[in-house]
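Notes for the one structure printed next.
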Number of protein chains: 2
Amino acid sequence: MANGAAAAKTGGSSEAKLPTEFDDAVMWATWLYYADQLTQSEIAKQLNVSRATIVNLLQEAREREIVSIRISPQAFGRTAVARALMDKFGLDGAFVIPSGEEQSLVDRLGDAGARVLAEQIEDGDTVGVAWGRTVLAVANQISLPRPVRNVTVVQVSGSSTGEPEFSAELCTSLLSNRIHARCVNLLAPAVLSTRELKAMLLAEPVLKKQFELIHSTDRILFGVGDIGARSTVRVSGIASKAEIDTYVEQGAVAVIIGRFIDTHGRPIGGDHDDRMVGITLDELKQVKSRICVAGGSTKTAAITATLEAGYATHFVTDMATGEALLSV
Amino acid sequence: MANGAAAAKTGGSSEAKLPTEFDDAVMWATWLYYADQLTQSEIAKQLNVSRATIVNLLQEAREREIVSIRISPQAFGRTAVARALMDKFGLDGAFVIPSGEEQSLVDRLGDAGARVLAEQIEDGDTVGVAWGRTVLAVANQISLPRPVRNVTVVQVSGSSTGEPEFSAELCTSLLSNRIHARCVNLLAPAVLSTRELKAMLLAEPVLKKQFELIHSTDRILFGVGDIGARSTVRVSGIASKAEIDTYVEQGAVAVIIGRFIDTHGRPIGGDHDDRMVGITLDELKQVKSRICVAGGSTKTAAITATLEAGYATHFVTDMATGEALLSV
DNA sequence: CTTGTGTCTTGACATCTGTCATTGCCTGTT
DNA sequence: AACAGGCAATGACAGATGTCAAGACACAAG
């Protein structure tokens, strides 16, 4: 009767000065439900409250992530399509989620990507973050099972004024915030008007330091953009329509972290490319763990180019896209 | 309709040579249920099977630990009783589970201890394991969320022929087996007949090496035994009734890893103690992370002695025991 | 003292989930 | 070809869970 849970409610007036963050009842219910496998009714009887209250307590436990459900990426790597993708593109890992409505795909991939990334992050890591709708979806949904220490999240390409809702700064700071890591935003525009200015800017001590961090990145998270009419690159503002058209003339089929590549994944250089501030594709390949999250029927060619050139070590996609990639 | 799941069932006869470990359906259901939060009926409709089948798939996913539910030890450390215990005994962490029937206590504590230990183990760790009913319960229920590499589990005290169901070897090998770690059993009896023999044995290269491992242990798991009539120490065979009585005369109230301590946690030496093979209490204190799992109304004094002397850094118990410890 | 406002709790209902005996299919055997 | 044995899939039922509107309570303002 007069058990710990009851005591927790009011918590004797003697030393109830602490932030009263002490809802022991939540833990109590959590343990009995998830560890001891009692039913909600049994727990309700024990705590002398209604079952509905237990439902609420358990909901709170899930919201506050006192309990969390982990889905093994290893197991997903043993899926037929995942195996085939790993084979075909020489990946270290692949994670293929069921396909649903194309509309919610970005969010669902974000969830999957978040789980894959969360699983990898360790104490002391430096994590590079690109930008884009998909990357934002990952940032939005990531949460680490256990707290990590001394993790740094670093923005790997400059900031553009044009990107509306999924800017590089937002992706980086949101992700770092959600995992309680240090956040390093790249204090430079994505594209400068002249190479000279870019060179001068990169010579600045602040930026030098930031680029050192970028080059020492342990893991990097990025998406893949296509070149279609409604593609991210066309609304992001990192390149004008004319500039994009020039790239396309030179065979561009995809954009990774702001850089354009052709069918074989070869970087397409040029003046505009030289004026961009951010990690280069050669530098990208130096990163140990490169997590690419991408999907959607319009992106097949773009993703194929990305994966064939070995830009990713880990790839997250949905079934439909995965099968499309395999049938090429 | 003709989606991936359907294809997985028979898997085109062309390349179905692999071990057919490919139950994609399990992953498919797992993801839709746990990540996308669809109901079982919705998933059943998608896969064109009955809902009962989905239930089975999900059950398999849980059994094969494709999904696992994690309960945050941090959150449990914020419980009122846990905080008080940490305060009173200067612990780094405390985990207090709800009290249930005294009969199932050992198993429930084992579950809790397993979660606490599992949370701590990292790549490259050496984990010391004592023995006892409670330690066995931990070993029996532990499972790591993600695979770890290069972990060694080492038995920290000699083997006794008398221990029936919870021998040191069993505890060690079971635990190491469950987490897929290297297992090092201590190849020596728990007690030798003379100090000389013990000295000679310890001079053996094999044992020297094993003791080096014991001294480099990162974490150690142990229980607390009391001295009562039906206590573990009296059935374990590590000491005769007369020897135990001698210890008791000298003020023994508890046994940790085979060593006897008094009310203040001071080791009680003597001839028998000198003849024992295993980690000493001084050496125990050198270990960074020392996880003690213990509970039960008969053990209050024993646990108090253990904790007050600082033998543990992390303590796992149940509510009733926790409150008893605080009221002393 | 009354009223208002927000939070927490509850009971009843609709839905979702687990169980289990039964069915149907495949495989290997006679 | 017929048959038995093993195994996964199924439908129907009992029980567990989530939802929601209504109620209880505490506290602040009038």
Side-chain angles (χ1 to χ4, degrees), chain A residues 1-13 16-17 19-69 71 80 98 100, chain B residues 1-13 16-17 19-69 71 80 98 100:
Chain A
M1 257 193 200
N3 59 21
K9 268 189 196 167
T10 48
S13 55
K17 289 174 187 172
T20 319
E21 186 203 352
F22 282 4
D23 353 41
D24 295 13
V26 178
M27 314 303 180
W28 194 279
T30 298
W31 184 264
L32 293 178
Y33 191 74
Y34 288 105
D36 287 349
Q37 312 250 49
L38 303 194
T39 70
Q40 297 180 348
S41 331
E42 290 172 301
I43 300 169
K45 219 181 296 166
Q46 254 193 58
L47 301 199
N48 281 321
V49 292
S50 73
R51 197 182 54 70
T53 301
I54 303 300
V55 174
N56 293 334
L57 292 177
L58 294 174
Q59 236 153 27
E60 196 186 333
R62 278 173 297 226
E63 271 158 27
R64 287 175 35 198
E65 302 196 345
I66 288 164
V67 291
S68 52
I69 292 169
I71 302 178
Chain B
M1 259 193 199
N3 60 20
K9 267 188 196 169
T10 49
S13 56
K17 289 174 187 174
T20 319
E21 186 202 354
F22 282 3
D23 359 34
D24 295 13
V26 177
M27 315 302 181
W28 192 280
T30 298
W31 183 265
L32 293 179
Y33 190 73
Y34 289 105
D36 287 350
Q37 313 250 50
L38 301 194
T39 70
Q40 298 181 347
S41 331
E42 291 172 302
I43 300 169
K45 217 182 297 168
Q46 253 193 59
L47 301 201
N48 282 323
V49 293
S50 73
R51 197 182 53 70
T53 301
I54 304 298
V55 174
N56 293 335
L57 293 177
L58 293 175
Q59 237 153 25
E60 196 186 333
R62 277 174 297 228
E63 271 158 26
R64 287 175 36 199
E65 302 198 343
I66 287 164
V67 290
S68 54
I69 292 169
I71 300 179

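So you know, we letter chains A, B, ... as the sequences are listed, proteins then strands, and number each from 1.
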For [X] and [N], what is the distance between atoms [atom1] and [atom2] respectively, to the nearest whole Å?
X: B/Leu57; N: C/dT17; atom1: CG; atom2: P; answer: 14 Å
X: A/Leu47; N: C/dC8; atom1: CG; atom2: P; answer: 17 Å
X: B/Glu63; N: C/dG18; atom1: CD; atom2: C1'; answer: 13 Å
X: A/Leu58; N: D/dT19; atom1: CG; atom2: C1'; answer: 15 Å
X: B/Ile43; N: C/dG18; atom1: CD1; atom2: P; answer: 11 Å
X: B/Gln59; N: C/dT19; atom1: CD; atom2: C1'; answer: 9 Å
X: B/Ile54; N: D/dA9; atom1: CD1; atom2: P; answer: 10 Å
X: B/Lys45; N: D/dG11; atom1: NZ; atom2: C1'; answer: 17 Å

Which of residues 33-40 of chain A have a heavy atom under 4.0 Å from DNA chain D? A/Tyr33, A/Thr39, A/Gln40
Is there a side-chain contact between B/Arg62 and B/Leu58 in this structure, where contact means two heavy atoms from C-beta onward sitting under 4.5 Å apart? yes
Within the structure provided, determine whether B/Trp28 and B/Leu57 are in side-chain contact (heavy-atom separation under 4.5 Å). no
For B/Val26 versus B/Ala61, what's the shortest heavy-atom pair and its separation? CG1-CB, 3.8 Å
Can you name the residues that form a side-chain hydrogen bond (donor to acceptor under 3.5 Å, both in side chains) with [X], not counting sequence neighbours?
X: A/Tyr33; value: none
X: B/Gln59; value: none
X: A/Ser68; value: none
X: B/Ser41; value: none

Interatomic distance, CG@A/Leu32 vs CG@A/Leu47, rounded to 0.5 Å, equals 7.0 Å
Identify each atom pair where a protein N or O and an N or O of nucleotides 10-14 of chain C are less than 3.5 Å apart, giving names and distance.
unit_1: C/dT10; atom_1: OP2; unit_2: A/Ser50; atom_2: N; d: 3.0
unit_1: C/dT10; atom_1: OP2; unit_2: A/Ser50; atom_2: OG; d: 3.1
unit_1: C/dT10; atom_1: OP2; unit_2: A/Thr53; atom_2: OG1; d: 2.6

Write out all pairs satisfying salt bridge (Lys or Arg N to Asp or Glu O under 4.0 Å) with one or both partners inside residues 29-54 of chain A, taking only residues at least two apart or from two chains. A/Asp36-B/Arg108
